[in-house]
S.K.: 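Right, I'll just put the structure down here and ask away after.
Side chains are part of it too, since the values below use all heavy atoms of this structure and drop only hydrogens, waters and symmetry mates. Below, read A as the first sequence line, B as the second, and so on, with proteins coming before strands; counting in each chain starts at 1.
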Protein chains: 2
Amino acid sequence: MSDNKPSIPKGTRDFTPKEMVRRNYIFRSIENTFKLFGFQPIETPAMENLSTLLGKYGEEGDKLLFRVLNSGDFLSGIEKEDILNSSLAALSSKLCDRGLRYDLTVPFARFVVQHRNEITFPFRRFQIQPVWRADRPQKGRYREFYQCDADVIGSDSLINEAELIQIIDTVFSDLNMRVLIKLNNRKILAGIAELIGKADLLSKITVAIDKLDKLGIDAVLEELRSGGLDEREIEILSPLFDLKGENSEKIIFLRKYLGKSEIGQKGLDELVEVLRLASLTRLNCPLELDITLARGLNYYTGAIIEVKTSEMDMGSICGGGRYDDLTGIFGMPGVSGVGISFGADRIYDVLLHLNRFPLEAELNTKVMFVNFGSKEIDYVIPVIAVLRSLGISAEIYPETAKMKKQLSYADAKNIPFVILAGEEEIKTQTLTLKNMKTGGQERIELGNLTERFNKLL
Amino acid sequence: MSDNKPSIPKGTRDFTPKEMVRRNYIFRSIENTFKLFGFQPIETPAMENLSTLLGKYGEEGDKLLFRVLNSGDFLSGIEKEDILNSSLAALSSKLCDRGLRYDLTVPFARFVVQHRNEITFPFRRFQIQPVWRADRPQKGRYREFYQCDADVIGSDSLINEAELIQIIDTVFSDLNMRVLIKLNNRKILAGIAELIGKADLLSKITVAIDKLDKLGIDAVLEELRSGGLDEREIEILSPLFDLKGENSEKIIFLRKYLGKSEIGQKGLDELVEVLRLASLTRLNCPLELDITLARGLNYYTGAIIEVKTSEMDMGSICGGGRYDDLTGIFGMPGVSGVGISFGADRIYDVLLHLNRFPLEAELNTKVMFVNFGSKEIDYVIPVIAVLRSLGISAEIYPETAKMKKQLSYADAKNIPFVILAGEEEIKTQTLTLKNMKTGGQERIELGNLTERFNKLL
């Protein structure tokens, strides 16, 4: 038993009631929107078999997996020499069969393959759960954080892309947050790589281009050069770097620029159709074709979506895209999917910074009963039960403490109404209701309680 | 990339949409009741420092903790000899600084001490989160399961106990599940041990008595004997084993039986007062004084509460009690608390067995639009947006598949209404609404859509 000041692991957080209510406000908005669009919830375990997770997030990702030590005799079956001579990675794989989930996409792919016979395709699922990454903690980056994902799997119709864009628009309108939705298509990027005759460098080119926003043109050119592109090839790329104007202008430019690249033209066709379908309903958020958008993950094959707020400097707060073969890694090839993921923690930080959380009335107890002592308690307990049966959140101060202390408690908890019932109230079968905001008091007859509170709240 | 059939770790579960809706029905009932009684939500990280967890659950509990391998070079600072010569426990403590939370009570105690300056006491908090135990999985026992806890900390008023009993009563009434609430007091058990002059054997006596229900009288007597009680002492205990009748009769018996045991009489006083306070509101569930109720955990110091269903054979589905010094282990002594914990997984199993989940209408998309092709899509997309803006969950079948396939999808997802809009409907600016239950169809004019659906749903 230690009596050191207790703490929690680096990069993790406790959530106090005040923070919980705010977070739940965001989760509820996202969840309600997912449901409105016909998506259904699933959940997967925090721990997955390491064989499910390893090799799915690149070498860097493998290192960032939290591994769970095998329970019981975790050394059984390991030779002592192995311990002394194995690499860290090899040894950790011997010590650990399980790891904490790193994102929701790979567990979802595993879920789809495992439950393929119970699922009706196309499958529209959403999932809101924490994920864990052994990243170096820093501002806005945590080792435990929530992802809120919606995916459609088993349909390659572009209607899905358009609907996901509508979901994004609905959520951020609902949260009263101005954002810019950026759209690209991986096939256009492939077409560009084809144009300069370096299809094999697609990954390097897109990774470099993706940094344009963050690092600026010079750094990107440097990276392209060191990635193996010569000046002629960079020359071909360069018109893309300052592509500006309306979506329609960009489309006209790209139609010509992509020329005979079949894959590039196909990507542009898809993008044009998604823009058209999405615009069949009125969007509140601007939707912008951004050719520099690539996003890190290599598994996108079609649409690429990213959302940033225009109200403060904060990275991507939502992103996603189409992946043509997500479940192939688990032995179920040829199933196309498309999805988006909301970063609830960043959205929280933005709304907090902008002071845009709504009044948190739902956080609080609506009515507190002052505790005057045993006889008075017996009088008010049935009254509390009546209020609760009306759906009114109510509590009694449990101790017979000084009035001042009880009222400060109500104040600290932001409780709007306090009920006082002492000898006088018992005698007259009444209650005294105090409005904590105005300080005003009124006497209510027991028989009129329901009526009075129906009016009040 | 493996193409083995994917699986999840033993003792963990995936939750499909159907299961999620049912689970959320239980969580929502518990959460709403907690809020109704003025409890506020908190959340703590899945990982805690091992120093927070170790030594809090007994030797057996320490073994059941899931430990998380240190990230990066987990061997750094460990001598090779240490690896070869350390005990498993010692070595695992070197390899792992963190573990997965084992329950919600210890993290809550840690939270209270860590945030003591931000908290208004008495602090009524609830917490609904998963916990992990490396237990041998078996029917109804999982390695990842949810706990739903409510505690009041910083008040030793017995009103709290009475309110927790009311919460239990409200939740199970709401879930339409018949249960028996059992109540005991640890001080009565201490009084009994005092009576037979073996206060030091309290723990052994209570552990044995606790098994009366499960193992029967003979096994308990055997355990008491082997625990060091002689026949005379067992003779003193024996009237307790078949204590029957109304609570009032048991109280009269105990008042006499406990005689001069000060702590025993105090326990009885507390119990009588809790029964009295709880009965000031009408309870739907019977509340029974059960002197054999001890519950495994040693930290209870006053009331002990346990709930079982009378409708099927299933262990405890809710339990709790008062603990006088929970935060003392983290350096904040003398703070009394009382709490209860609902076992959502067992409640789920009971409701499923009894077929008592309500109609899961909220699970489903309310309206599916059939996809007849590109022109028709353009016509219906704005219509879907209107329905969604009314809060009606709607989706469009994303592929232009055969009608039969689209309708089977709606059927499989239990979608009650399907809208068909082909050439004819576009021409007349109407929609055809099909009721999937009755098979009936009707034509709706676009302008009457809102009105018609407000009536329908």
S.K.: For the atom pair CG (A/L277) and CD1 (B/I377), what is the distance rounded to the nearest 0.5 Å?
M.R.: 8.0 Å

S.K.: Once you round to the nearest 0.5 Å, how far does CZ of B/F15 lie from CD of A/Q127?
M.R.: 12.0 Å

S.K.: Among A/V152, A/I42, A/D14, who wins on heavy-atom pairs under 4.5 Å with chain B?
M.R.: A/D14

S.K.: If I measure from the heavy atoms of chain A, does B/F123 come under 4.5 Å with its side chain, its backbone, both, or neither?
M.R.: side chain

S.K.: Applying side chain to side chain donor-acceptor pair (under 3.5 Å), name anything that partners B/D156, two or more places apart in sequence or on another chain.
M.R.: none

S.K.: From B/F34 CZ over to A/S393 OG, what is the distance, rounded to the nearest 0.5 angstrom?
M.R.: 13.5 Å

S.K.: Hey, which of A/T327, A/V113, A/I329 is the one that makes side-chain contact (heavy atoms from CB on, under 4.5 Å) with B/P6?
M.R.: A/V113

S.K.: Can you tell which part of A/F126 gets under 4.5 Å to a heavy atom of chain B, answering side chain, backbone, both or neither?
M.R.: neither

S.K.: Among B/A385, B/P382, B/S408, B/A134, which has the most heavy-atom pairs under 4.5 Å with chain A?
M.R.: B/P382

S.K.: Can you find a heavy atom in the side chain of A/M47 that is under 4.5 Å from one in the side chain of B/F66?
M.R.: yes

S.K.: Salt bridge between B/K35 and A/E395, side-chain N to carboxylate O under 4.0 Å?
M.R.: no

S.K.: Could you have a look at A/L54, A/N70, A/T400, A/I159 and say which one has the most heavy-atom pairs with chain B under 4.5 angstrom?
M.R.: A/I159

S.K.: Do A/Y409 and B/P122 have side chains that approach each other closer than 4.5 Å (heavy atoms only, starting at C-beta)?
M.R.: yes

S.K.: Assess the residue pair A/T33 and B/R388 against the criterion (side chain to side chain contact (heavy atoms under 4.5 Å, CB included)); give the C-alpha distance rounded to whole Å, side-chain angles, the decisive distance to 0.1 Å, and a yes or no.
M.R.: CA-CA 9 Å; A/T33 306; B/R388 287 174 181 154; over 6 Å; no

S.K.: Check whether A/S389 gets within reach of chain B through its side chain, its backbone, both or neither, counting any heavy atom under 4.5 Å.
M.R.: neither

S.K.: Checking B/E399 against A/S157: is there a side-chain donor and acceptor pair closer than 3.5 Å?
M.R.: no

S.K.: Could you tell me which of B/N32, B/I381, B/L36 has the largest number of non-hydrogen atom pairs under 4.5 Å with chain A?
M.R.: B/L36

S.K.: Tell me, out of B/S155, B/S71, B/P398, who's got the most heavy-atom pairs with chain A below 4.5 Å.
M.R.: B/P398

S.K.: Does B/R276, at its CZ atom, have more than 12 non-hydrogen atoms belonging to other residues, nucleotides or ligands within less than 6.0 Å?
M.R.: yes

S.K.: Quick check on the interface: out of A/M332, A/R23, A/R143, A/R124, who has the most heavy-atom pairs with chain B under 4.5 Å?
M.R.: A/R124

S.K.: Below 4.5 Å, heavy-atom pairs only: which of B/T12, B/L88, B/V68, B/T44 has the largest tally toward chain A?
M.R.: B/L88

S.K.: Under a 4.5 Å heavy-atom cut-off, does chain A meet the side chain of B/L100, its backbone, both or neither?
M.R.: side chain

S.K.: Could you look at A/D378 and say if it's the side chain, the backbone, both or neither that has a heavy atom under 4.5 Å from chain B?
M.R.: both

S.K.: Find the one option among B/L280, B/L95, B/T281 whose heavy-atom pairs under 4.5 Å with chain A are most numerous.
M.R.: B/L280

S.K.: Using non-hydrogen atoms only, which part of A/E19 is less than 4.5 Å away from chain B: side chain, backbone, both, or neither?
M.R.: neither

S.K.: Between atom CD of A/E144 and atom CD of B/E43, what is the distance when rounded to the nearest 0.5 Å?
M.R.: 8.5 Å

S.K.: Only pairs of heavy atoms separated by less than 4.5 Å count here; which of B/G72, B/A412, B/S92 has the most with chain A?
M.R.: B/S92

S.K.: Which region of A/L65, side chain (C-beta onward) or backbone (N, CA, C, O), has a non-hydrogen atom less than 4.5 Å from a non-hydrogen atom of chain B, or is it both or neither?
M.R.: neither

S.K.: Tell me the closest heavy-atom pair linking A/Y397 and B/F121, and the distance in Å.
M.R.: OH-O, 4.3 Å

S.K.: Heavy-atom distance under 4.5 Å to chain B: side chain of A/R282, backbone, both or neither?
M.R.: neither

S.K.: Is it the side chain or the backbone of B/A46 that comes within 4.5 Å of chain A heavy atoms, both, or neither?
M.R.: both

S.K.: Hey, are the side chains of B/I8 and A/T52 touching, using non-hydrogen atoms and a 4.5 Å cut-off?
M.R.: no

S.K.: Side chain from CB out, backbone as N, CA, C, O: work out which of these in A/E48 comes under 4.5 Å of a heavy atom of chain B, or both, or neither.
M.R.: both

S.K.: Please flag which part of B/N49 lies under 4.5 Å from any non-hydrogen atom of chain A: side chain, backbone, both or neither.
M.R.: both

S.K.: Quick check: closest heavy atoms across A/R110 and B/S7, and the distance to 0.1 Å?
M.R.: CD-O, 3.9 Å

S.K.: Measure distances from B/D97 to the heavy atoms of chain A and classify the residue's part below 4.5 Å as side chain, backbone, both or neither.
M.R.: neither

S.K.: Could you tell me which non-hydrogen atom of A/E118 sits nearest to which non-hydrogen atom of B/T16, and how far apart they are?
M.R.: OE1-CG2, 3.8 Å

S.K.: Taking B/K413 for its side chain and A/G38 for its backbone only, find out whether a donor-acceptor pair lies under 3.5 Å.
M.R.: yes

S.K.: Would you give the length of the straight line joining atom CD of A/Q40 to atom CE of B/M20, rounded to the nearest 0.5 angstrom?
M.R.: 11.0 Å

S.K.: So what's closer than 4.5 Å to chain B heavy atoms on A/R98: side chain, backbone, both or neither?
M.R.: side chain

S.K.: With only heavy atoms counted, which part of A/L69 is less than 4.5 Å from chain B, the side chain, the backbone, both or neither?
M.R.: both

